[in-house]
Amino acid sequence: MNIEHIAVIGAGTMGRGIAQVCAGSGYQVTLIDVIPEQLEHAMASVRKSVEKLHSKGRLTDEQREAALANVTTADEVAAAADADIVIEAVVESLAVKKRVFAELDDCTRPQIILASNTSSISITELGAVTHRPEQVIGMHFMNPVPLMTLVEVIRGLATSDETTATVVALTETLGKTPVEAQDYPGFISNRILCPMINEAIYALMEGVGTREAIDTVMKLGMNHPMGPLTLADLIGLDIVLNVMEVLHAGLGDDKYRPCPLLKRMVAAGHLGRKTGQGFYTYD
């Protein structure tokens with residue numbers, strides 16, 4: 001399949017990052033979100049990110065121009081109708097994603113691929129609401145998308161070899177490294193990462209150490225680039241909670257039970273960097 005036009009559904013942190021990377025790689029991108037203000041914020045963020053990367057020498061003049069020129073916006077999912085592939089990056093909710101995939105199945109050409117940036121939700125379940133489950137696949141980008149090179153490529157039960165090969169090739173043209181994973185809760189990355197973060201939150205709740213102590217031990221003792229509580233704030237505590245709930249429900253093991261402190265913080269709206277308050281306070 002010849003891919004020239006990519007539609008990205010959802011203009012949040014992940015969606016705008018994916019749009020930026022795709023546009024900078026020479027693809028025409030339509031960034032779609034039903035909230036016009038979200039689109040305005042996303043485009044301002046893309047411009048800021050592109051200029052920053054260009055000033056640091058991480059983007060060539062051509063990549064800078066492409067990233068700024070190749071993105072258009074729309075506030076209706078139907079704007080994805082002419083795309084050659086769609087990458088969904090809406091909120092991490094099975095019900096919401098199912099609704100989006102059913103709508104995309106109706107408005108896009110039957111031969112195109114529908115990909116999801118989900119970090120934990122079943123690709124098989126998303127494919128089941130469409131008439132093309134063999135063309136539904138996971139493309140799990142890492143945050144921040146312009147800087148992180150990994151993309152997990154997740155095959156649902158019905159995903160075809162052709163779809164997988166196309167997405168792997170596309171990922172490589174974006175300058176990313178594709179790693180294939182099977183469709184089990186959390187895939188590879190969050191099956192390992194989020195339980196570690198959850199355990200760090202338990203350690204904080206139980207007074208095993210302060211937030212600084214827990215993060216410092218993991219940085220200096222395990223050579224992690226940042227501590228698990230700092231990382232949770234970066235990811236978003238609501239996302240961490242969503243993943244833990246998927247792991248707990250999907251695998252049925254209490255070792256995946258979300259920490260009560262995590263649930264309390266999400267209920268209070270303390271979601272990390274994006275709200276200015278998480279385990280740490282941000283401007």
Notebook entry, point to check: side-chain hydrogen bond (donor to acceptor under 3.5 Å, both in side chains): which pairs involve residues 257-273, sequence neighbours left out?
Noted result: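 Qualifying pairs: Tyr202-Arg257.
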
I need the [X] [atom1] to [Y] [atom2] distance, nearest 0.5 Å.
X: Ile123; Y: Ser116; atom1: CD1; atom2: OG; value: 5.0 Å
X: Met139; Y: Thr171; atom1: CE; atom2: OG1; value: 3.5 Å
X: Thr230; Y: His224; atom1: OG1; atom2: NE2; value: 13.0 Å
X: Ile85; Y: Ile113; atom1: CD1; atom2: CD1; value: 4.5 Å
X: Thr159; Y: Leu126; atom1: OG1; atom2: CG; value: 10.0 Å
X: Leu262; Y: Met244; atom1: CG; atom2: CE; value: 8.5 Å

Please report the shortest heavy-atom distance between [X] and [Y], naming the atom on each side.
X: Val129; Y: Ala102; result: CG2-N, 4.0 Å
X: Ser93; Y: Ile121; result: C-CD1, 3.6 Å
X: Leu104; Y: Ala80; result: CD2-CB, 4.0 Å
X: Met43; Y: Val71; result: SD-CG1, 3.8 Å
X: Leu31; Y: Ala42; result: CD2-CB, 4.0 Å
X: Gly236; Y: Lys274; result: CA-CE, 4.1 Å

Would you check if the side chain of [X] reaches a backbone N or O of [Y] as a donor-acceptor pair within less than 3.5 Å?
X: Lys176; Y: Met148; result: yes
X: Asp238; Y: Leu271; result: no
X: Asn70; Y: Ala23; result: yes
X: Thr124; Y: Leu157; result: yes
X: Arg64; Y: His54; result: no
X: Glu180; Y: Arg155; result: no
X: Glu88; Y: Ile9; result: no
X: Ser55; Y: Lys52; result: yes
X: Ser49; Y: Ser45; result: no

Transitive ILVMFWY side-chain link [X] to [Y], under 4.5 Å:
X: Met226; Y: Leu204; value: yes
X: Val96; Y: Val86; value: yes
X: Ile201; Y: Ile239; value: yes
X: Ile112; Y: Val100; value: yes
X: Leu68; Y: Val29; value: no

If we only count heavy atoms from C-beta on, is the [X] to [Y] side-chain gap below 4.5 Å?
X: Pro178; Y: Val167; result: no
X: Val145; Y: Gln20; result: no
X: Phe141; Y: Leu174; result: yes
X: Thr166; Y: Ile3; result: yes
X: Glu125; Y: Lys98; result: yes
X: Leu237; Y: Asp233; result: yes
X: His140; Y: Met142; result: yes
X: Leu147; Y: Leu53; result: yes

Report, as yes or no, whether the 6.0 Å neighbourhood of atom [atom1] on [X] holds more than 12 heavy atoms from other residues, nucleotides or ligands.
X: Glu162; atom1: CD; result: no
X: Tyr184; atom1: OH; result: no
X: Glu212; atom1: CD; result: yes
X: Asp253; atom1: CG; result: yes

Checklist line | Arg109 and Asp84 ion-paired at < 4.0 Å | finding: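 Yes, this pair counts.
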
Next item on the list: Would you check, one step at a time, whether the test side chain to side chain contact (heavy atoms under 4.5 Å, CB included) holds for Met14 with Asn143?
Entry: CA-CA 7 Å; Met14 297 304 293; Asn143 185 31; 3.6 Å; yes

Next item on the list: For the pair Asp61 and Glu65, evaluate side chain to side chain contact (heavy atoms under 4.5 Å, CB included) and give the outcome as yes or no after the intermediate values.
Entry: CA-CA 6 Å; Asp61 292 343; Glu65 292 303 318; 5.5 Å; no

In residues 185-197, what donor-acceptor pairs under 3.5 Å come from side-chain atoms, sequence neighbours left out?
from	atom 1	to	atom 2	distance (Å)
Ser189	OG	Glu152	OE1	2.6
Asn190	ND2	Ser119	O	3.0
Arg191	NE	Tyr256	OH	3.2

Checklist line | Any side-chain donor near an acceptor of the partner, Thr108 and Arg132, under 3.5 Å | finding: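 On atom types as modelled, these side chains qualify, holding a pair under 3.5 Å.
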
Notebook entry, point to check: Do Glu92 and Thr118 have side-chain N/O donor and acceptor atoms under 3.5 Å apart?
Noted result: yes

